[in-house]
Every structure is written in structure tokens, then in C-alpha cells.
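Down below is the structure, laid out as C-alpha cells.
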2 protein chains.
Amino acid sequence: MSFGDYLRQARLARQQQDKGYSLRQVAGRVGVEPAYLSKIERDIFPPPSEQMIVKLAEDLGEDPDVLLALAGKLSTELREIIVRRPRLFAELIRQLKDAPDHAILRMVREVTDGDW
Amino acid sequence: MSFGDYLRQARLARQQQDKGYSLRQVAGRVGVEPAYLSKIERDIFPPPSEQMIVKLAEDLGEDPDVLLALAGKLSTELREIIVRRPRLFAELIRQLKDAPDHAILRMVREVTDGDW
DNA sequence: TGTAGTGTGTATTAAACACTACACAAATGA
DNA sequence: TCATTTGTGTAGTGTTTAATACACACTACA
């Protein structure tokens with residue numbers, strides 16, 4: 001699913017329970033033009049800045065990291081961590097490129113002690 | 001070490017063995033202005049585009065992924081992979097944020113069968 | 001039937017980005 | 001000593017980004 005599709009779906013789902021999640025209202029709270037958000041939801045405009053993604057995630061009650069991943073971005077927080085150990089991260093990345101999902105799952109479980 | 005420092009060090013190391021790695025010559029092969037490369041090496045200008053980073057890595061015989069990580073960037077290749085499984089990646093990221101180096105090392109070894 | 005709220009199309013723009021052009025001073029080498 | 005090569009400073013530029021402004025059409029409903 002694309003970033004825009006995910007966003008629209010999340011907003012509409014929210015709107016069903018809770019009135020107050022029209023495009024205009026969300027745009028208003030997040031602080032952008034409705035027309036702009038509309039185009040993002042339809043993937044006419046690319047995913048917005050990290051700041052705006054985080055604000056959208058907060059407003060919609062979604063996981064910011066999922067939204068960022070869908071947008072193909074890293075949070076600045078993670079970016080800083082990676083810059084501190086580039087060789088280690090480069091190797092991880094190289095493995096990730098070829099790893100099947102179950103291998104990544106295993107890697108995550110390895111660190112989380114399986115509680116995921 | 002910063003992106004610029006790493007770049008300059010790599011170029012100078014190369015220049016010692018192999019004449020032909022002056023700032024001008026590298027800039028010439030990579031296709032940018034020497035003054036621009038100079039400023040990048042001194043961290044006056046931020047790391048350049050992904051394309052240029054990859055060209056520099058090729059010319060200097062360095063690992064492009066390390067250079068990209070130092071620059072705080074994702075390769076487009078990896079970005080595409082992440083977009084395909086955002087939830088899985090988001091969880092991995094969340095763990096990475098808190099994981100100490102040895103835990104990440106363990107994850108990498110888990111996938112690489114220890115040959116790193 | 002009009003009015004309030006919904007989403008969308010077109011046009012425009014300020015600032016940031018990713019560099020280039022060119023001149024210059026210091027060191028190197030013949 | 002003169003030409004070359006080295007790296008660097010200043011100034012400027014085309015393109016892209018990240019949006020805004022505003023008008024418009026459709027739907028619901030009172």
C-alpha cells in the first residue's frame with residue numbers, strides 16, 4: 001500500500017468512529033492546506049516532511065515509524081544513530097537487502113527476546 | 001568521523017600508493033567542480049546527492065553503503081525494500097534505536113552465519 | 001432551495017538545494 | 001625561475017522542494 005492510500009484509509013477509519021476527521025479538520029490541526037493534504041492522500045504529491053508525517057501520525061493515532069517507513073524515510077533520531085556506527089549499519093543493510101522476511105523477523109526476535 | 005573527514009582520508013590514502021588521486025583529478029572523474037569537492041571534504045557543504053556519493057565510492061574503492069550511512073542517507077535500493085514491508089522495518093528500527101552495538105552485531109551474525 | 005461541509009483543480013511562490021565559474025595563493029618540480 | 005599543480009575563497013545560478021491561495025463542484029440535510 002502506498003503512503004497516500006495508507007493515510008486516507010487511516011483517516012477514514014478514524015472518521016467512522018469519531019466525527020472530526022474530515023480532510024479539512026485534520027489539515028487544520030496539522031497546519032497545512034486541505035488541498036495539499038488531499039493531493040498527498042492521492043499520491044499526486046510525494047510524502048511530506050518528517051515533521052508533518054509525525055504530526056499526522058499523532059493526530060491519526062498511527063505509528064510514526066510505520067508512516068516514515070512507508071514514505072521511505074528515516075527519522076532524524078535514527079539517522080543520528082546510524083551516522084555514529086556507519087560500518088556496522090552498512091553491513092546490516094547489506095544483509096537486509098537479500099534477507100527474506102522470516103530472517104528479519106528472526107533478527108528482531110533475537111533482540112526483543114521474542115516478545116513481538 | 002564525519003563524512004568529509006572520511007572522504008579526504010580515503011582519498012589521501014589512495015593518493016599515497018597511486019598518483020592520480022588529487023582533489024582535481026577525483027573531481028574531474030566524478031564530474032564535479034574541485035572547489036565543490038573541497039568544501040565537501042571539509043564539511044563546509046553537506047554530503048552530496050546519492051549518485052555522487054556512489055560515484056565517489058567507486059572512484060576511491062570505498063564501500064558505498066558506509067559512505068551513505070556516514071551521510072545519513074538510505075540508498076534508493078534499500079528505500080524501495082523498506083517501503084515494501086514498512087511494519088516489519090518499523091519494528092526493527094524501534095529495536096535498533098535502543099540496541100547496543102553487540103546486539104546488532106549478534107543480529108548481523110545471525111544472518112551472515114558469523115562470517116563477518 | 002439554499003447553505004454548510006465535503007474534497008479537488010489550477011496557478012503560484014519562497015526558500016532550500018546542489019551545484020558552477022573563476023580568481024587566487026601556496027607548494028612542487030624541471 | 002618559471003610553469004604547473006595543488007587546494008581554496010567568493011559569488012552566483014538553475015532546479016527542485018514544499019508548500020500556499022483561492023476558486024470550484026459535489027453531497028447532505030434542514
Side-chain angles (χ1 to χ4, degrees), chain A residues 2-60 64 67-68 70-76 79, chain B residues 2-60 64 67-68 70-76 79:
Chain A
S2 74
F3 181 82
D5 287 341
Y6 189 92
L7 214 57
R8 170 148 294 183
Q9 172 219 281
R11 182 175 62 79
L12 294 182
R14 197 74 200 264
Q15 195 177 22
Q16 292 215 331
Q17 307 155 347
D18 187 347
K19 241 42 184 169
Y21 283 85
S22 76
L23 194 147
R24 264 170 214 277
Q25 287 168 316
V26 171
R29 285 193 297 270
V30 167
V32 292
E33 283 294 310
Y36 182 47
L37 182 55
S38 168
K39 278 183 261 275
I40 287 170
E41 282 191 351
R42 286 172 295 139
D43 297 307
I44 292 168
F45 279 5
S49 64
E50 184 194 338
Q51 284 189 359
M52 184 174 157
I53 291 178
V54 171
K55 279 190 190 172
L56 281 167
E58 279 171 9
D59 193 71
L60 298 174
L67 247 36
L68 286 168
L70 265 167
K73 301 195 187 204
L74 285 172
S75 66
T76 48
R79 193 152 43 234
Chain B
S2 76
F3 181 80
D5 287 341
Y6 189 93
L7 213 58
R8 171 148 293 185
Q9 172 219 280
R11 183 175 61 77
L12 294 181
R14 197 72 201 262
Q15 197 178 20
Q16 294 214 330
Q17 307 154 347
D18 189 347
K19 241 42 185 172
Y21 283 86
S22 77
L23 194 146
R24 265 170 214 276
Q25 286 168 317
V26 171
R29 284 193 297 270
V30 167
V32 292
E33 284 294 309
Y36 182 47
L37 182 54
S38 168
K39 279 184 261 276
I40 288 170
E41 282 191 350
R42 288 172 296 140
D43 297 306
I44 293 168
F45 279 5
S49 64
E50 185 193 339
Q51 284 188 0
M52 185 175 156
I53 291 178
V54 170
K55 278 189 190 172
L56 280 168
E58 280 172 7
D59 194 71
L60 297 174
L67 247 35
L68 286 167
L70 265 168
K73 301 197 185 201
L74 284 172
S75 66
T76 49
R79 193 154 42 235

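Worth saying up front: this structure is predicted, and the values here are computed from it rather than measured.
Summarising the geometry, the separation between OH on B:Tyr36 and C1' on D:dG9 is reported as 16 Å, rounded to the nearest angstrom. In this structure, B:Glu33 places its CD atom 13 Å from C1' of D:dA11, rounding to the nearest Å. One atom, CE of A:Met52, and another, C1' of D:dT17, lie 14 Å apart when rounded to the nearest Å. Rounded to whole Å, the distance from CZ on B:Phe45 to C1' on D:dT13 is 12 Å. B:Leu37 places its CG atom 13 Å from the P atom of D:dT6, with the value rounded to the nearest Å. Regarding A:Glu50, its CD atom lies at a distance of 12 Å from the P atom of D:dA18, rounded to whole Å. Residue B:Glu41 contributes atom CD, which lies 9 Å from atom C1' of D:dG7 at whole-angstrom precision. Separating the CG atom of B:Leu56 from the C1' atom of C:dC19 is a distance of 14 Å, rounded to the nearest angstrom.
Of the candidate nucleotides D:dA19, D:dG7, C:dG9, D:dG7 has the atom lying nearest to any side-chain atom of B:Gln15. With C:dT6, D:dA19, D:dG9 as the candidates, the nucleotide lying closest to the side chain of A:Val32 is D:dA19.
The shortest distance between the side-chain N/O atoms of A:Arg11 and the OP1/OP2 oxygens of C:dT6 is not below 4.0 Å. Within the structure, every side-chain polar atom (N or O) of A:Ser38 is placed at least 4.0 Å from both OP1 and OP2 of C:dG9. A sub-4.0 Å separation between OP1 or OP2 of C:dG7 and a side-chain N or O of A:Arg42 is absent. The side chain of B:Ser22 contributes an N or O atom lying less than 4.0 Å from OP1 or OP2 of D:dT6. Applying the 4.0 Å criterion to OP1 and OP2 of C:dG7, one finds that A:Arg8 has every side-chain N and O outside that range.
For C:dT13, the paired nucleotide is D:dA18, the pair qualifying as Watson-Crick or G-U wobble because both relevant distances are below 3.5 Å. D:dA28: Watson-Crick or G-U partner is C:dT3, with both key distances under 3.5 Å.
Rounding to the nearest 0.5 Å places CG of B:Leu56 at 9.5 Å from CD of B:Glu58.
Of the residues A:Leu67, A:Asp43, A:Leu12, the one that meets the side-chain contact (heavy atoms from CB on, under 4.5 Å) test with A:Leu7 is A:Leu67.
Heavy-atom nearest nucleotides on DNA chain D were determined for B:Leu23 and for B:Lys39, and the one closer to the 5' end corresponds to B:Leu23. If you find the closest nucleotide of DNA chain C to B:Gly31 and to A:Gln25, the one lying nearer the 5' end belongs to A:Gln25.
As judged by a 4.0 angstrom heavy-atom cut-off over every strand, A:Arg24 is placed among the base-contacting residues.
Remark: side-chain polar atoms of A:Asp59 are not paired, donor with acceptor, to backbone N or O of A:Val26 under 3.5 angstrom. At distances below 3.5 Å, not a single donor-acceptor pair connects side-chain atoms of A:Tyr21 with backbone N or O atoms of A:Gln16.
Salt-bridge check for A:Lys73 with A:Glu50: failed, with every basic side-chain N at 4.0 Å or more from each acidic carboxylate O.
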